Amino acid sequence: MDSHLAALEANDPDVFAALKGEEARQKAGIELIPSENYTYPEVLAALGSVFTNKYSEGYPGRRYYGGQTYTDTIENLARDRAKEVFRCEHANVQPLSGSAMNQAVYLGLLEPGDTILAMDLSHGGHLTHGAPVSHMGKLFNFVRYVTGPVDGSIDFDALRASALEHKPKMILCGYTSYPRDIDYAAFKAVADEVGAITMTDASHFGGLVAGNAMANPFDHGFDVVTTTTHKSLRGPRGGMVLSRKPFAGKIDKSVFPGLQGGPHMNAVAAIAITLGKAQTESFRQYARDVLTNAKALANALLGAQASLVTGGTDNHILVLDTVKSFGLDGRKAEETLDAVSITTNKQIIPDDPNPPLRPSGIRVGTPAATARGMTADDMERLAVWMVRALQAPDDASRLAEIDAEVRAFCEQFPVPGID
Ligand SMILES: *Cc1c(COP(=O)(O)O)cnc(C)c1O
């Protein structure tokens with residue numbers, strides 16, 4: 001690795017300087033974007049390895065190019081580890097991203113025009129769950145279910161009525177901005193009644209399922225689970241489709257040759273490493289700590305009279321209603337926290353009256369801070385800084401003072417993968 005970086009420094013100082021700048025940025029502040037994380041040094045090594053040179057179209061043992069001795073080894077390792085970690089019958093580790101993995105499932109198991117019942121986007125669903133601006137939203141007929149206003153629970157009577165009316169071919173659960181766990185058994189019961197395929201998009205919480213800290217949809221008979229590999233799993237950017245056996249053939253064909261060409265074998269190697277880590281007790285402890293920290297942060301914010309969507313969290317995500325809490329829209333709140341080296345993202349809240357670029361809240365999560373070793377006590381300090389900043393967004397001297405405190409605090413926490 002060192003010789004690679006030395007070559008970069010010598011031969012492309014512009015890119016090298018940007019890389020060093022990004023390393024410094026990632027160390028300097030507290031990363032609270034819930035979809036981000038710090039990956040392992042081993043993953044960075046695999047991503048920058050010679051596996052990036054190799055074409056491996058096809059699957060282990062059935063490739064369209066020669067020279068696959070070592071690529072077959074790593075893809076088999078990644079698939080076997082995925083099956084073990086997620087307790088499932090089949091794993092496809094080739095999707096190039098979370099978006100591609102979901103497209104591969106829809107296109108492989110359904111016909112264009114088929115109906116998919118999925119979570120409303122302002123209630124926490126993802127762009128790839130049929131947002132009108134997405135290609136999938138045009139190809140398939142997405143029907144929405146919503147979450148309740150008080151504790152964010154899903155109204156399964158309403159969901160069942162909608163399923164009976166629309167006869168979806170697939171019922172999809174999973175989210176990008178929803179702070180509660182999912183009642184998989186209740187989804188499965190409705191799906192069985194209407195003969196729908198059950199899919200969970202666990203992109204956000206895949207690592208928490210892998211670490212046995214949250215419920216596993218396969219324990220409740222789900223057919224398909226997708227997850228990104230770079231969020232709570234702490235791996236390289238990528239996606240996986242996990243499934244029961246009867247769906248394996250269709251899914252593999254849909255990923256390749258249906259949707260993609262050559263897999264990124266450097267990422268597949270890194271996914272194998274990530275899943276090896278996920279099999280350890282220290283990863284399971286990490287997953288539990290992510291949840292403990294989220295609860296601690298939620299309680300500290302609630303104690304300071306902040307308003308959280310659904311009133312709390314069961315997972316790694318908190319959605320803060322910044323209009324209600326501080327009279328600030330989400331953009332101003334994000335900018336204010338940026339000024340004190342705390343990184344969050346503006347977020348629409350359920351039935352948000354405001355537009356996505358100036359929404360009513362921010363989204364906060366604990367996977368990255370936990371990967372740095374921050375604890376529940378640290379979450380309490382963090383909440384104090386956040387509230388002090390958000391109460392005085394135009395007080396430059398107060399923000400500068402908090403920023404200095406946050407930066408000094410961060411120096412105690414080394415960042416995995418950065419010297
Ligand atoms: C992040 C995410 C995706 C998409 O992942 P990309 O790798 O960004 O394409 C899909 N679904 C959900 C629920 C996500 O949170």
Side-chain angles (χ1 to χ4, degrees), residues 31-37 39 43 47 86 92-107 116-131 133-137 140 142 144-145 147 152 154 170-182 184 187 198-210 214-215 217 222 224-242 251 255 259-260 263-264 266-268 270-271 274 290 294 313-319 344-348 356 362-368:
E31 180 54 68
L32 291 183
I33 295 175
S35 47
E36 296 196 6
N37 214 327
T39 195
V43 163
L47 286 175
F86 287 95
N92 187 308
V93 297
Q94 293 193 2
L96 303 179
S97 71
S99 305
M101 90 203 160
N102 286 346
Q103 289 173 19
V105 175
Y106 305 151
L107 294 165
I116 302 173
L117 186 56
M119 189 182 255
D120 186 88
L121 299 190
S122 84
H123 288 239
H126 189 257
L127 191 65
T128 58
H129 302 172
V133 294
S134 75
H135 293 314
M136 295 301 114
F140 296 98
F142 282 87
R144 303 291 169 193
Y145 59 87
T147 61
I154 292 163
M170 173 183 278
I171 297 184
L172 168 61
C173 59
Y175 48 76
T176 191
S177 182
Y178 177 65
R180 295 297 176 190
D181 204 354
I182 294 174
Y184 297 107
F187 271 103
T198 41
M199 169 176 171
T200 301
D201 178 353
S203 283
H204 254 267
F205 51 94
L208 306 175
V209 173
M214 289 186 75
F222 264 57
V224 180
V225 176
T226 57
T227 181
T228 61
T229 49
H230 50 280
K231 298 182 184 174
S232 54
L233 256 180
R234 300 190 58 183
R237 306 196 83 79
M240 296 194 288
V241 183
L242 311 163
I251 283 168
V255 172
L259 189 67
Q260 299 183 170
H264 295 180
N266 57 333
V268 172
I271 288 171
T274 301
V290 168
T313 180
D314 299 327
N315 57 23
H316 62 297
I317 299 174
L318 289 72
V319 182
T344 62
N345 68 272
K346 55 182 150 315
Q347 177 65 44
I348 49 172
I362 57 170
R363 192 178 63 144
V364 167
T366 50

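Whatever order the structure lists ligands and atoms in, that order sets their numbers, starting from 1. Hydrogens, waters and symmetry mates are skipped; everything else that's a heavy atom, side chains included, is used. Just so you know, these numbers come straight off a predicted model, no measurement behind them.
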Under a plain distance cut-off of 3.5 Å, with no hydrogens placed, do His129 and Asp201 share a side-chain donor-acceptor pair? yes
Would you say the rings of Tyr178 and Phe205 are close, in the sense that their centroids are separated by under 6.0 Å? no
Is there a donor-acceptor pair under 3.5 Å between the side chain of His123 and the backbone N or O of Thr147? yes
Find all protein N or O atoms under 3.5 angstrom from an N or O atom of ligand 1 and list the pairs with distances, or write 'none'.
{"from": "ligand 1", "atom 1": "7 (O)", "to": "Gly98", "atom 2": "N", "distance (Å)": "2.9"}
{"from": "ligand 1", "atom 1": "9 (O)", "to": "Gly98", "atom 2": "N", "distance (Å)": "3.4"}
{"from": "ligand 1", "atom 1": "9 (O)", "to": "Ser99", "atom 2": "N", "distance (Å)": "2.8"}
{"from": "ligand 1", "atom 1": "9 (O)", "to": "Ser99", "atom 2": "OG", "distance (Å)": "2.6"}
{"from": "ligand 1", "atom 1": "11 (N)", "to": "His126", "atom 2": "ND1", "distance (Å)": "3.3"}
{"from": "ligand 1", "atom 1": "11 (N)", "to": "Asp201", "atom 2": "OD2", "distance (Å)": "2.6"}
{"from": "ligand 1", "atom 1": "11 (N)", "to": "Ser203", "atom 2": "OG", "distance (Å)": "3.4"}
{"from": "ligand 1", "atom 1": "15 (O)", "to": "Thr176", "atom 2": "OG1", "distance (Å)": "3.4"}
{"from": "ligand 1", "atom 1": "15 (O)", "to": "Lys231", "atom 2": "NZ", "distance (Å)": "2.7"}

Is the count of non-hydrogen atoms from other residues, nucleotides or ligands lying under 6.0 Å from Arg144 atom CZ greater than 12? yes
Thr200 vs Phe222, side-chain contact (heavy atoms from CB on, under 4.5 Å): CA-CA, chis, key distance, verdict: CA-CA 8 Å; Thr200 301; Phe222 264 57; 3.1 Å; yes
Work out which heavy atom in Arg234 is nearest to a heavy atom in Thr274; give both atom names and the distance. C-CG2, 4.2 Å
